Structure formats: C-alpha cells, structure tokens
Enquirer: 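Before I ask anything, here is the structure I am working with.
Worth knowing before you read on, the calculation uses all heavy atoms, side chains too, and leaves out hydrogens, waters and symmetry mates. Just so we're on the same page: letters track the sequence lines, and every chain starts at 1. Computed from a prediction, not measured in an experiment: that's the story for all the values here.
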Amino acid sequence: MYAPEFAYYRAGSLAEAGQLLQQHPGAKLLAGGHSLIPLLKLRLTTPPALIDIGRLDELKGISVTDGRVRIGALTTHAELAASSELAARCPALAEAAGLIGDPAVRNRGTIGGNVAHADPASDLPTVLRALDATIAVTVDGSERSIPAADFFEGMMETALGDHDIVTAIEVPAASAGQGQAYIKFSHPASRYAVVGAAASVTLTGGTISTAAVALGGLVPVATRADSVEQALTGQTPSVDTIAAAAAAVSADLGDDLIGDIYASAEYRRAMAPVCVKRALTAAVERAG
Amino acid sequence: MSTRIFGSGIRRREDPRLITGTATYTDDLTLPRMVHAAMLRSPHAHARITSIDTSNAAAAAGVVAVYTHADTVGALQPTPCAWLLPDSDLKVATYHGLAKDVVRYVGDLVAVLVAEDRYAAEDALELIEVDYEPLPAVIDPEQAAKDGAPQLHDEIPRNQAFHWTVAGGDIDAAFEQAEVVVSDRIIQQRLIPNAMETRAALASYTTATGELTLWNTTQNPHIVRFLMSGVCGLGEDKIRVVAPEVGGGFGSKLAVYPADFVTVFCSMRLGRPVKWTETRSENYQATTHGRDHVQQVELAAKKDGTITGLRCTVYAGMGAYLSTAAPGIPTILHGLMLSGPYTLPAVKEDVYGTYTNGTPVDAYRGAGRPEATFMLERMMDLLAAELEMDPVDVRKKNLIPKFDDGHEVITTLSYDSGDYPAALDKVLAHADYAGLRATQAKGPINGTYLGLGLANYVEMCGLGPSQVAGAIGFQGGLWESAIVRFHPSGKVHVFIGASPHGQGEETTFAQIVSSELGVDPNDVKVFHGDTDMTPMGWGTYGSRTTAVGGAALALTARKIRDKAKVIAAHLLEAAVEDMDYEDGKFFVKGAPDQHKTITDIALMANVAWNMPEGVEAGLEASTFYDPPNFTFPFGTHLAVVEVEAETGVVTLTRYIALDDCGPQINPVIVEGQVHGGVVQGIGQALWEEAVYDEGGQLVTGSMLDYALPRADMLPDIEVLSTVTPSPHHPIGVKGVGEAGTIGSTVAVYNAVIDALRPLGVTSIRMPLTPERVWQAIQQAKG
Amino acid sequence: MHVPVTITVNGQRYEHQVEPRLLLVHFLREVIGATGTKIGCDTSQCGACTVLLDGVSMKSCTALAVQADGYEVTTIEGLANGSELHPIQDAFWEKHGLQCGFCTPGMILASVELLRTTPDPTDEQIRHGLEGNICRCTGYQNIVRAIRHAAGTMAGQR
C-alpha cells in the first residue's frame with residue numbers, strides 16, 4: 001500500500017515541534033509511526049505534513065521521583081516491557097506493554113503515540129485508567145497534566161488540542177501490599193484486545209483496602225469498573241468474593257459495546273467478568 | 001551412495017539463495033523502461049457501471065496510460081475456464097479482463113492505470129471517476145440457487161453454473177433398510193489461501209519482434225502460455241512464460257487471472273515492460289478463494305456400525321465467475337472421494353455449483369478432498385455417538401482391508417494400494433488412545449474438557465492420466481515430462497515441465513537422478529518454470545509433481561542407464577547382455593573391478609571418440625510420462641484438544657499425523673509438507689474464514705481480520721508414517737503435498753465436538769472460534 | 001517534496017533524495033535494489049519485511065525511509081559474513097526451516113532479534129518470539145527447531 005503525499009519536518013527540539021505544529025495546520029506528529037503509518041497507507045488520513053518528533057531525547061526515558069514514575073512519551077513498548085523500574089513500580093503497565101503486537105512492533109511503537117491514538121482495542125489506556133495515570137501535555141512551552149480519566153474521551157478521541165504534544169505519562173508507583181495484573185483476550189489476527197482487564201489491588205491485613213479495575217477492548221473508551229471496585233473493597237479475597245465482584249462488572253459496561261465478526265458485543269460482555277476475575281486473582285496473588 | 005541417497009534427508013539445494021535474500025521473485029525484477037500498473041477494482045459486490053471518466057487520471061503526473069474495457073475490445077479475449085465438466089449442464093459466464101457494464105464482486109477489475117512508478121499510479125487511480133448503480137448481491141451458495149435470488153448473469157438461471165451427480169449402488173434401498181441414519185448440515189467456510197507472496201506479473205512485449213516474456217507467480221507456466229496465446233492473440237511460439245521464485249501457491253497460483261492478461265495487454269499496447277504486483281488487500285479480494293460448500297449429508301448404517309449408504313447435497317460457491325479449474329474441484333476431486341478408506345455399498349451426491357457475488361473460488365490445498373473427508377469422518381463420529389460405540393470401533397468396522405494392487409470403490413475409482421487398518425492402529429498405539437480416553441472419562445478439570453478427534457483419509461493424487469483428463473473435461477493433458485542431460489564432465493542438468501514453488505523438487509529430483517545413476521546429487525541441477533527452457537508440462541498442483549513428474553524423471557534416468565550400458569559394454573569389449581550395473585558403475589558380470597562409471601560414459605558419449613556402432617553421440621534422454629492411474633495416498637490423524645467451557649477457548653494440545661505417501665525420497669521434506677498441510681487444515685477448523693457482509697463487502701479484508709495460524713497457536717505435530725508403494729509408479733511414490741490438510745480439519749473438529757459431548761453439543765459452525773464454541777455451549781445448556 | 005536521507009544498509013552508505021512518504025521497505029527494494037526484504041501483508045502483521053535498525057528488529061513496511069535517516073539497516077543480504085552463513089541462516093537450512101522462502105528473510109531477522117533478547121530460549125519462548133511473523137508453508141515446527149539449533153551454535157561461539 002502506498003501513502004498519499006505529505007510534507008515532512010523533523011523537529012530538533014520540543015519547542016521546534018510546537019512551532020512546526022503552529023506553522024502547518026492539520027499536520028500530524030510522527031513518533032514511532034505504528035499507529036499513524038498504517039492509517040496513511042490505507043489513505044484513511046491525509047495530513048498535509050508530518051512533524052517527526054521521534055528523535056527528541058527530552059521525550060525519552062523512565063524516571064522515578066516522589067512515588068511517581070514518569071515515562072517519556074517516546075518510550076517504546078519494548079522498553080516498557082523490559083524496564084526493571086516499571087516491573088517494580090507499575091508491573092501491570094510492563095505486563096501489558098509486553099503483550100502489544102509483536103516484538104518488532106514493540107520495538108517501534110511508543111507509549112505517547114499509543115495514548116494519543118486512543119484505540120479502544122489498545123492495551124495501555126486500560127492499564128493507565130486502572131493505575132490513575134496522568135498524561136503530561138505541552139503546548140506553547142507550557143506543560144499540563146491530564147488525568148487518564150479525562151484524557152481518553154472516546155473511540156480514538158482524546159482531550160488533546162491541535163497543537164498539544166504528549167510529553168510523558170506519569171503513573172503512581174505501587175505501594176507495599178499492592179498487586180497488579182493485566183489480562184488480555186487477544187484477537188488472533190490483529191493481536192489487539194477483544195477484552196482487556198487491568199486490576200490493582202492493595203491488601204491490608206488480609207483485607208482488600210483498595211481495588212482499581214479497568215476494562216478495554218469491548219468499550220469505546222477504557223472504563224473503570226466502579227461496581228467491581230466497590231464490591232471488593234473491605235472484602236477478604238477468596239475465589240468466591242473475587243468471582244462475585246467480577247460478576248458486578250456488567251453494571252459498569254454501559255450499552256455501547258464493541259462487537260465484530262470475531263467476537264460479538266454479547267460475547268465480550270460475557271467475557272468481561274471472566275477477564276476481570278482472572279486479573280483480580282493474579283493481582284491478589286501478587287499483592288499477597 | 002546411490003542406494004542411500006533415496007530416502008535421505010539431505011539439505012535442500014534451493015535453500016542457499018532463499019536464506020541469503022538472493023532468490024528472485026517476480027516483484028524483485030526490474031527491466032529497463034519498465035512502468036508500473038495499478039488496478040482499479042470494484043468497491044461493489046454487484047453494480048452496473050453507468051459511466052467511467054479516466055481523463056483526470058490520464059492527465060495526472062507520471063501517468064502513461066489508462067485503459068477500460070472499451071480499450072480491450074478485440075485485443076483481449078475473456079478469461080477462460082479450463083475445466084469444462086461434462087454431463088453437468090455447465091454454463092460458463094463470460095469473464096472479461098476489465099469489466100464490461102456490470103461488476104460482480106468486490107475486486108472485479110474495472111480499469112488499469114500505468115504510471116512511471118507505483119506511488120504515482122496509486123495517486124492517479126483515485127482520479128478515475130466511476131459511477132455505479134448498485135444491484136442486489138448474494139454471497140451464500142445455497143441462497144444463490146433459490147428462486148428470487150439476485151441474478152448474476154442474465155443467461156444463467158438460478159445462478160446455476162452446473163449440476164453434477166455421482167451415484168453408485170442402490171442408495172434408496174440403503175436408506176429404506178437403514179437401521180440407523182445420522183445426518184448433519186456442514187458449512188465448509190470460504191478460505192483465503194494466503195500464499196505469503198502475493199500475485200505479480202511482469203510483462204515485456206517487444207513490438208519489433210512481436211514477442212512476449214511474462215514473469216508470473218504461477219504454479220503452471222506452460223498452462224499460462226497455452227491460455228495466454230488464446231486470450232492475447234499471440235502464438236505460443238512468441239510467448240515465454242517464466243515462473244521465477246514463487247512464494248507459495250496452495251492452489252491460488254494455479255488459476256490464470258484477468259489481471260495477468262490485462263498486464264500483458266498494457267505491455268503490448270505500450271511496447272514497454274509493465275509490472276503489476278498485488279497488494280495484500282487485492283490478494284484477498286481477487287485471488288481465488290477455497291472451499292465454500294454448504295453440505296447436507298446423511299449416512300445409513302446397520303446397528304452394528306456397518307455403513308450402507310451415503311447421500312448428500314452440496315451447494316458449492318463458485319464466486320462471480322468460473323475460475324480456471326473451479327468446476328472440477330467440488331465434483332471430480334470431491335464426489336469421487338466419498339467412499340474414503342471405507343467399504344461403502346451405495347452413494348449419491350448432487351453438487352450444485354452456484355454463482356455468487358464473491359471472489360471466484362478454485363483449488364485450495366486439498367481441493368475438494370478435505371471437504372469429502374470432512375463429510376465422511378463427521379458421519380463416522382455421529383454414527384459412533386448414535387450407536388454409543390467408540391469412534392475407533394465404527395471406523396474399524398468399515399475400513400477396506402489391506403490391498404496391494406487395485407481396489408475398486410463405489411464411485412468407480414480404483415485405488416492403487418493401501419493398508420488403512422495398519423495406519424489407524426499405529427496412530428492409536430503411538431497416542432496411547434486408550435489412556436487418553438481413560439483420562440477423558442475422569443471428567444473435566446477446572447471446567448476444561450478433553451476431546452479426541454480422528455480422521456482417516458484417502459486422497460486421489462498424481463493427477464492424471466490424460467485420457468481421464470479428457471473424459472472429465474479438463475482442458476489439457478495430465479502427463480509430465482523430464483529431460484536429463486549429462487555434460488562431458490558428468491555434471492547433470494535436469495529440465496522438468498512441472499513448476500515447484502517451495503516443495504523442494506530441486507532436491508528430491510536430484511535425489512531421484514542420483515539414486516538411479518549414481519551421481520552426486522550436488523552435481524544435478526534441476527531447471528523448472530521457464531517455458532523456453534523446459535519441456536511442456538501441466539504444472540504443480542494436486543500433489544502431482546513427484547507422483548507424475550518424478551516418474552517421468554525416473555524413467556528418463558533409466559533410459560540414460562540403458563544407453564550408458566551399451567556404451568560401457570563397447571568400451572569394456574563385452575556384450576550388452578553380459579553387463580551389470582550397480583551404484584553408478586557398469587561392469588561385466590562377475591568383474592566389478594573393471595568398470596566404467598557414469599562419469600566415464602558421459603565423457604565418452606559427449607566427445608564420441610569411440611562409440612558403439614549406431615549409437616548417437618551425447619548422453620541425454622527425455623520422457624513424457626502419462627500415468628496409468630491416480631495415486632492414492634492415505635493416512636490417519638488424531639487431534640487432542642482442551643476446551644475451556646467458561647470462554648469457549650480451544651487449545652490443541654497434541655496432533656498426531658500419519659501419512660502414507662509411499663516411499664519417501666527425502667523424509668525431512670515429506671515431514672515439512674505434512675507440518676504445513678496439517679497447520680493449514682487446523683487453520684480452517686479453528687481460525688480462518690473469509691467473511692462477507694450482507695451487501696457482499698469482504699469484511700476480512702486484511703491480515704488484521706483474517707486469522708492465520710501463528711507459531712504460538714500450535715503444538716508440535718507428531719509425524720508418523722507407513723510405507724505402501726504405489727504398484728503402478730516406477731518408484732512407488734504417491735505424493736504428499738495435500739495430505740496434511742485433508743485429514744486435519746475434521747480431526748480437530750471432531751475433537752472439539754468430542755470434548756463437548758458431555759455438554760450436549762453436536763455441531764458448531766467453523767471456524768471454531770471461542771465465541772462460536774461458547775455460544776454452542778450456552779445453547780446446549782438451554 | 002523530496003528530502004535527503006543517508007542510510008547505511010549492510011555497511012554501505014546510501015545518500016538519496018526521497019519523498020517523505022516513501023516506506024523504508026520501498027527504499028530498500030526500489031531505490032537501492034536490495035530486494036531480499038519482502039512485502040507480505042502491508043499491515044504489519046506478517047513480518048516478511050522485518051529488518052534490523054541499529055541492530056533492533058522493526059517492520060520496514062511500517063516505517064518511512066526518512067525515519068531511518070542516519071541509521072544503520074541490516075537486511076537479509078547483510079547477515080552472512082561473505083560466504084560464511086550466519087548461524088541462524090545455516091540452522092534454517094539444516095533444519096528445513098523454509099519451503100517457498102518468501103517469509104524467510106523476515107523470519108531469520110526476527111530470529112536474530114529473538115536470540116538477541118533471549119539467547120537460550122525455550123520452545124515456548126521461540127513460538128512467542130515469532131508471533132509477528134507468518135509462514136504459510138512450514139507450520140513453524142522446523143523454524144522452531146532451527147532457532148533452537150542456532151541458539152546452541154551461537155552459545156558455543158560465545
């Protein structure tokens with residue numbers, strides 16, 4: 001397949017990237033390209049220009065300060081999956097990153113591009129919702145933080161303005177007694193999530209003190225499972241309490257479920273509690 | 001060495017170029033002044049073209065030419081169907097290179113655009129303006145045959161391309177007297193062959209000489225040349241067709257295609273080389289699909305499990321036009337195989353080939369035989385369940401006993417040789433079938449159910465003989481050819497008419513020559529796939545290259561040996577009848593120390609200083625081998641699955657494949673063919689389906705939607721074999737290309753249904769995706 | 001619009017003016033004639049176009065040539081050391097890890113990546129490591145054997 005013509009500008013700095021965005025209305029940012037280039041090849045998007053931010057060192061790297069993990073927007077999925085900082089502090093994110101696409105895709109795809117694309121079948125938004133991440137965004141040299149809950153607005157829709165650039169993702173580091181897991185029911189062809197469930201559970205004295213659960217794949221935008229969380233909080237984890245809490249997820253899904261020829265909305269709805277149960281079981285195990 | 005090289009798993013001779021990126025596939029070729037074609041294809045499943053305006057496109061940067069149907073009138077004949085099935089009321093719809101007035105499937109060719117590079121061609125393609133008046137479409141082959149269904153071709157009522165029957169024995173009596181009858185409705189879903197190399201054509205026509213060279217991704221360059229001459233109006237003497245490296249075919253590169261002819265047309269018009277390479281989405285839309293049967297099957301039997309009759313009605317989707325071999329696939333290659341490895345006293349099958357608004361359907365690995373095996377093996381399991389017998393016992397009750405030289409079945413075929421009970425027993429012992437059943441009997445573990453699925457099969461391979469080809473309407477011969485040429489130094493060139501594309505005959509054929517003549521296989525170079533260089537041959541499909549072409553080659557080598565023996569006798573001053581031959585050495589009987597090697601003879605024959613009187617110089621021979629019968633490989637497959645009831649997820653935990661293809665020239669290559677074939681069959685059972693929506697849009701339009709087997713979805717295949725030589729073949733071989741696929745789909749299917757029997761599930765539409773399995777479980781629960 | 005790029009492919013430096021939309025795989029195949037890298041699916045599913053960018057695997061059908069500007073690309077043509085095959089190439093030959101050969105260049109480069117990140121893989125790790133590469137001929141079994149074999153050879157060389 002063959003992309004349509006576009007102009008190309010390579011930004012030497014974040015500031016220059018901002019200026020280029022201002023100068024070229026309708027331009028799109030290019031990082032790893034793994035969300036954008038397929039769309040270009042299908043001619044589903046025809047931007048007049050691409051602004052390549054893929055070489056900006058200031059957007060790379062993982063750092064930890066004051067209990068928060070800051071992940072540069074250009075960090076690749078492979079780097080997320082291999083990061084010992086992440087494995088220790090937000091393991092569900094590392095786990096999910098290792099399940100994206102395939103090794104070659106993970107070597108190129110970036111977390112910033114992934115969140116900006118906001119594909120409902122993607123894995124990272126689900127985990128970021130569960131972990132209460134924030135997305136750092138810059139425009140005109142000033143940075144602001146958008147909670148994941150507000151950032152992901154709908155199917156491939158985000159709170160990003162025309163001139164915004166995602167610079168980093170910030171995730172609270174897991175505390176003692178916290179266990180996390182991500183369970184993915186993959187589409188066998190695309191390898192995207194049919195249902196993805198992220199869970200983070202904190203055990204205090206054998207009781208679940210906090211639980212965070214989010215779902216993706218079957219909903220237009222990654223969604224927190226409030227009913228499940230409420231059903232779990234204060235419970236002693238067991239096969240039965242987890243199963244009962246997971247069953248409550250149907251109340252959190254809404255009516256606008258995604259379905260396709262591989263997995264209908266009805267089937268995904270039925271699989272949601274299964275995936276939640278499995279994510280919770282793993283999270284509880286790791287918390288203990 | 002010669003005795004050991006046959007049957008040795010030597011490294012493939014074709015691999016050095018393939019593992020270093022130096023092999024040349026069609027799209028890798030570039031010629032001076034070459035331009036690039038892009039095809040405008042119909043976005044509608046069925047529509048009338050009300051206008052086409054190419055003026056903006058023609059004026060775009062880099063564009064060389066744009067052509068529509070009107071431009072091709074008189075220059076391009078319709079794409080032919082080459083299997084004109086007799087006694088079937090066959091109606092062949094006209095398949096224009098570029099659509100005339102009406103488009104009939106998404107992907108039907110509307111226009112071709114030629115530009116200086118492919119990017120420019122794709123840009124300009126968007127500027128061709130076509131107005132369509134959409135028409136109603138039909139995709140399901142059974143629906144298409146009903147009154148009131150959308151009509152594809154005005155002159156073909158009820159979209160019926162043909163109605164073919166096979167009958168034998170007294171089928172009515174069989175069902176009237178049946179003690180038990182089982183039946184099922186089976187959907188053999190549409191599949192996309194998915195050769196990893198998409199199709200491509202590079203046509204280079206020289207106006208001054210009137211000569212055309214076409215590099216083409218084909219399984220049968222000689223057939224392409226033959227048909228091309230009629231379609232494009234060039235003499236066969238003016239056409240050279242080259243199949244360079246070809247990246248898999250699986251039947252999809254057997255057919256000849258409008259896009260290839262259109263590419264040739266462009267080159268003839270422009271007097272420049274024109275290259276066209278499919279995108280994968282074009283491949284999905286326009287390269288032939290496979291299967292697409294709706295089968296209604298019923299089996300009559302006695303209470304002891306003896307089968308007495310098989311009756312079925314099949315609606316076989318042909319797509320919008322009849323592709324090259326399409327009519328023969330669901331009929332000859334399907335209906336004649338309905339006895340399988342069993343004694344079947346009566347059979348009746350009606351096959352309705354119907355036109356639908358889908359991509360044309362043609363051969364896909366197994367081609368008709370997997371669909372027959374599926375029906376029969378499904379019935380065996382249903383009968384076993386009905387009679388509360390073990391599936392093994394029902395099969396054993398009906399297997400044809402061992403035979404060495406001919407066994408006629410009810411469909412009139414005469415199988416060559418077989419030992420089906422031995423194959424079944426060997427698989428059962430290897431798998432510990434009894435142990436697996438015992439494990440299963442303990443019940444599910446954590447909601448996961450164990451299932452076992454068996455499949456016995458026989459296939460007809462080695463297509464031909466040519467006399468049969470004529471009788472069944474195949475518009476060509478089915479013999480194969482080989483030339484063996486010794487050079488003065490004893491090195492050998494072999495030229496074959498068949499056209500392998502991954503199967504490894506450059507190696508196995510060198511092994512045949514080596515074992516027949518005692519030369520080092522590394523000194524034998526096998527040429528194929530170039531109509532100017534190789535003798536005529538009918539191509540590589542139907543597991544026939546080794547079964548037919550290998551026979552031609554073995555006989556040719558023996559002609560060389562006979563001539564060499566005469567020369568050797570002369571040189572050793574002995575009578576020919578006193579000569580002996582062993583391991584590449586010719587000697588007087590009882591005196592092996594005084595010998596001439598084949599290399600000695602090659603030198604003498606080529607310099608011809610001292611030849612026997614009346615013997616021609618040179619050491620070269622050729623054979624056109626027309627087999628006396630098909631070959632009939634067979635085998636037994638066993639699948640072991642675990643099904644998770646909560647999700648419907650099926651995990652294939654073991655797969656055992658026993659295939660008897662006769663003596664194995666290279667067991668490593670045989671095993672590789674089995675692996676690949678088995679996995680393609682598993683793909684049909686579990687993941688693959690070409691899905692169209694109600695409007696006829698191909699929903700599975702890319703590899704993002706069409707699920708192909710990947711490494712992490714599969715267990716290791718446990719490969720077994722028995723060796724039953726074909727009595728009529730010079731070296732006994734039967735063919736193995738399709739074997740794996742023929743047994744594996746139904747083995748996996750039977751295993752899944754077997755697993756879910758405790759839950760009351762008896763039938764699930766393929767592929768057995770988690771949702772379909774889960775839905776079946778929910779429905780069985782009520 | 002054309003932009004200059006300098007891309008080193010298999011040790012050879014290439015300087016060209018390219019359209020920004022030119023895919024890296026087209027740069028390799030069409031611009032510099034390195035046709036060993038294949039295009040199989042166009043949608044980054046099949047991995048036939050896998051190459052190494054500064055030693056790390058990537059799908060060259062899902063990258064622009066301009067993104068590789070200044071980098072070193074290794075393709076199948078650059079893997080052998082003269083006439084001496086890379087151990088993975090040799091293992092694919094030895095274990096019959098290919099039939100039609102079309103997926104093979106990408107499959108071999110994906111295997112290089114696999115053994116770079118997991119030098120002593122289990123069969124399960126090998127199968128997972130190949131999740132981005134589709135082969136329609138072999139059923140993967142002999143590819144798995146080949147990689148296992150190559151891992152042993154390469155361990156012996158270290």
Enquirer: Under a 4.5 Å heavy-atom cut-off, does chain A meet the side chain of C:Leu53, its backbone, both or neither?
Expert: side chain

Enquirer: Does atom CD (A:Gln23) have a neighbourhood of more than 12 heavy atoms from anything else shown, all under 6.0 Å?
Expert: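 Yes, because the 6.0 Å sphere around CD of A:Gln23 holds more than 12 heavy atoms from other groups.
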
Enquirer: For C:His26, is it the side chain, the backbone, both, or neither that has a heavy atom closer than 4.5 Å to a heavy atom of chain A?
Expert: side chain

Enquirer: Ion pair present between A:Lys184 and A:Asp123, side-chain N to carboxylate O less than 4.0 angstrom?
Expert: yes

Enquirer: Between A:Asp164 (side chain) and A:Gly161 (backbone), is there a donor-acceptor pair under 3.5 Å?
Expert: yes

Enquirer: Does atom CG of C:Asp120 have more than 12 heavy-atom neighbours from other groups under 6.0 Å away?
Expert: no

Enquirer: Out of C:Leu64, C:Thr50, C:Thr43, C:Ile39, return the one with the most heavy atom pairs under 4.5 angstrom to chain A.
Expert: C:Leu64

Enquirer: Near C:Glu124 CD, under 6.0 Å, is it more than 12 heavy atoms from other residues, nucleotides or ligands?
Expert: no

Enquirer: Would you call A:Arg70 and A:Glu85 a salt bridge, taking side-chain N to carboxylate O under 4.0 Å as the test?
Expert: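 Judged by the 4.0 Å cut-off on N to carboxylate O distance, A:Arg70 and A:Glu85 do not form a salt bridge.
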
Enquirer: Quick check: does any side chain N or O of C:Asn133 sit under 3.5 Å from a backbone N or O of C:Gly106, one acting as donor and the other as acceptor?
Expert: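 Checking the backbone N and O of C:Gly106 against the side chain of C:Asn133, a donor-acceptor pair under 3.5 Å is found.
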
Enquirer: Is the shortest distance from a Lys or Arg side-chain nitrogen in C:Glu15 or C:Arg13 to a carboxylate oxygen in the other one below 4.0 Å?
Expert: yes

Enquirer: Which bit of C:Asp69 comes within less than 4.5 Å of chain A, counting heavy atoms only: side chain, backbone, both or neither?
Expert: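 Contact with chain A involves both backbone and side-chain atoms of C:Asp69.
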
Enquirer: If contact means a heavy atom pair closer than 4.5 Å, which residues of residues 26-42 of chain A contact chain C?
Expert: A:Leu30, A:Ala31, A:Gly32, A:Gly33, A:His34, A:Ile37, A:Pro38, A:Lys41

Enquirer: Non-hydrogen atoms of chain A under 4.5 Å away: do they reach the side chain of C:Glu113, the backbone, both or neither?
Expert: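 Just its side chain gets close to chain A.
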
Enquirer: With a 4.5 angstrom heavy-atom cut-off, could you sort out which part of C:Glu19 is near chain A: side chain, backbone, both or neither?
Expert: side chain

Enquirer: Got a donor-acceptor contact below 3.5 angstrom from the C:Arg21 side chain to the A:Tyr2 backbone?
Expert: no

Enquirer: Which bit of A:Ala78 comes within less than 4.5 Å of chain C, counting heavy atoms only: side chain, backbone, both or neither?
Expert: neither

